[in-house]
Number of protein chains: 2
Amino acid sequence: MIPLYILGLLLRFGPQHGYQIKKLIEEQLKDFTQIKLPTVYYHLEKMEASGLITATCEKQGERPEKTVYQVSNIGADKFGELLSQSLQIKYHPTFDIDCTFYFSDSLDQNEMVNSLEIHIGVMKKTLEKLNIHHRETLEYMPESYKISANIIFEHHIMHYKAELAWAEQSCNTLKEVKSYGKDQDHRDQ
Amino acid sequence: MIPLYILGLLLRFGPQHGYQIKKLIEEQLKDFTQIKLPTVYYHLEKMEASGLITATCEKQGERPEKTVYQVSNIGADKFGELLSQSLQIKYHPTFDIDCTFYFSDSLDQNEMVNSLEIHIGVMKKTLEKLNIHHRETLEYMPESYKISANIIFEHHIMHYKAELAWAEQSCNTLKEVKSYGKDQDHRDQ
DNA sequence: TGACAAATAGTCAGCGCTGAGTATACTGAT
DNA sequence: ATCAGTATACTCAGCGCTGACTATTTGTCA
């Protein structure tokens with residue numbers, strides 16, 4: 001996926017250094033990816049080696065050189081190819097927290113409720129931020145890009161909502177079990 | 001997360017070989033993880049090196065040896081530690097398809113609609129399977145595990161539903177745009 | 001105008017993971 | 001009795017990724 005981003009950004013915004021590409025990704029896609037700088041450089045080198053992009057050294061004054069990358073013809077073709085391939089949508093999420101619940105017999109219920117409550121708070125804040133950013137983005141975005149921007153934002157918003165709903169539901173379930181347990185204890189005494 | 005699974009499974013089901021651990025993960029968690037065999041062995045070796053588990057060679061007849069692993073005291077402590085840590089829930093999904101939509105100005109709308117329609121089909125089938133497997137699991141599962149099993153299944157089901165809803169919504173949006181575009185073409189002619 | 005933080009630009013060792021491969025044992029069809 | 005196919009059990013080279021590091025340049029506030 002990263003080569004696709006790099007090729008696409010270089011085609012859309014013209015030749016760039018590795019660092020600039022990282023900045024572009026941060027600006028353009030901050031809510032949707034977390035690509036690290038060394039990862040960008042790693043792919044730039046690989047892509048240069050395979051001829052998808054060409055590197056030229058830029059010397060301003062006599063300061064250290066910066067390497068500027070631009071897409072070759074082969075790279076432009078590859079972009080189209082990768083983009084078509086990316087239409088094969090896959091969705092097989094895994095959640096670390098499933099492991100926690102799988103072994104929940106070794107855990108205290110209060111801790112679990114607590115942890116879910118924190119999670120609920122985080123998800124609510126994340127959703128607020130996303131909604132605000134969504135509105136902001138639509139303001140300065142040219143009409144032709146709005147539809148796809150909407151689709152991307154909606155994708156994330158819907159999954160965050162699902163995560164929130166799950167956390168709230170599970171939290172309530174655990175609380176009910178707890179109070180039921182207490183009732184039993186009470187009756188037992 | 002994998003060391004946590006391995007420690008937990010070894011504690012719950014007793015000493016096992018690498019291959020058996022893989023089988024256990026497949027049986028117990030088939031809908032929720034896709035851990036590969038070499039990955040299991042990788043972690044077993046690391047965990048043995050750090051004293052979390054101990055390996056003993058088993059020779060049946062004079063056939064090749066199997067290595068059986070069991071949890072040490074240190075490992076049992078580590079299990080508790082990792083399990084507590086795992087209560088810090090993180091959710092920052094990234095979707096490859098976002099990249100596709102980000103560059104959707106280079107794509108044909110029909111292809112995108114098509115791709116989403118396929119995705120909708122896959123998600124529907126996945127949900128059906130998950131629901132069936134959910135019911136089956138609850139049947140043979142002892143009462144004490146049902147709550148956590150429900151929570152895990154619900155987690156996945158809710159996210160698959162979100163994914164499905166998003167795909168349907170986006171598909172409709174794109175279709176509307178297309179027919180609107182056609183209208184315009186028609187008027188332009 | 002000197003000093004300290006932040007931004008820019010890039011490198012590298014090493015970790016986690018897995019596709020592809022090896023080798024033996026079992027099982028069922030012919 | 002044999003052969004194919006599957007299950008069991010494990011190994012290893014090499015890829016993708018990134019934390020931690022280096023080094024320079026540019027604010028920025030006193």
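Chain A is the first sequence line, chain B the second, and so forth, proteins listed ahead of strands; every chain is numbered from 1. Worth knowing before you read on, the calculation uses all heavy atoms, side chains too, and leaves out hydrogens, waters and symmetry mates.
- Taking a cutoff of 4.0 Å between a charged side-chain nitrogen and a carboxylate oxygen, A:Lys22 and A:Glu26 qualify as a salt bridge.
- Taking the ring-ring contact (aromatic ring centres under 6.0 Å, His included) definition, one finds that B:His43 meets it with nothing, sequence neighbours left out.
- Contacts of residues 81-91 of chain B with DNA chain C (heavy atom under 4.0 Å): none.
- Of the side-chain N and O atoms in A:Thr67, one or more sit less than 4.0 angstrom from OP1 or OP2 of C:dG10.
- Rounded to an integer number of Å, the gap from B:Glu45 CD to C:dC17 C1' is 13 Å.
- Between A:Trp166 atom CH2 and B:Lys161 atom NZ the span is 15.5 Å, to the nearest 0.5 Å.
- Rounded to an integer number of Å, the gap from OH of B:Tyr69 to P of D:dA9 is 13 Å.
- The closest side-chain donor-acceptor pair between B:Asp31 and B:His156, if any, does not fall under 3.5 angstrom.
- Distance from the side chain of B:His43 is smallest for C:dG16 among the nucleotides D:dC10, C:dA9, C:dG16.
- Look at A:Lys46 and you'll find a side-chain N or O under 4.0 angstrom from OP1 or OP2 of D:dG16.
- With values rounded to the nearest 0.5 angstrom, A:Phe153 atom CZ is found 7.0 Å from A:Leu138 atom CG.
- Within residues 20-39 of chain A, the residues having any heavy atom under 4.0 Å from DNA chain D are, by residue number, A:Lys36, A:Pro38, A:Thr39.
- Atom NZ of A:Lys66 and atom C1' of C:dA9 are 8 Å apart (whole Å).
- Rounded to an integer number of Å, the gap from B:Tyr41 OH to D:dT11 C1' is 10 Å.
- With respect to the salt-bridge test (charged N to carboxylate O, under 4.0 angstrom), the residues B:Glu139 and B:Arg135 do not qualify.
- The 12-atom threshold is not exceeded at NZ of A:Lys129, counting heavy atoms of other residues, nucleotides or ligands nearer than 6.0 Å.
- Contact of the B:Ile89 side chain with the A:Ile118 side chain is not registered, since no non-hydrogen atoms from C-beta on lie closer than 4.5 Å.
- Relative to the side chain of B:Tyr42, the nucleotides C:dT8, C:dC17, D:dT11 differ in distance, and C:dC17 lies closest.
- Side-chain atoms of A:Tyr19 lie closest to C:dA7 of the nucleotides C:dA7, D:dT8, D:dG16.
- If you measure from atom NE2 of B:His17 to atom P of D:dT8, you get 11 Å, rounded to the nearest angstrom.
- Atoms CE (B:Met47) and P (C:dC15) sit 17 Å apart, rounded to a whole Å.
- Atom-to-atom distance recorded for B:Thr54:OG1 and B:Glu48:CD is 7.5 Å, nearest 0.5 angstrom.
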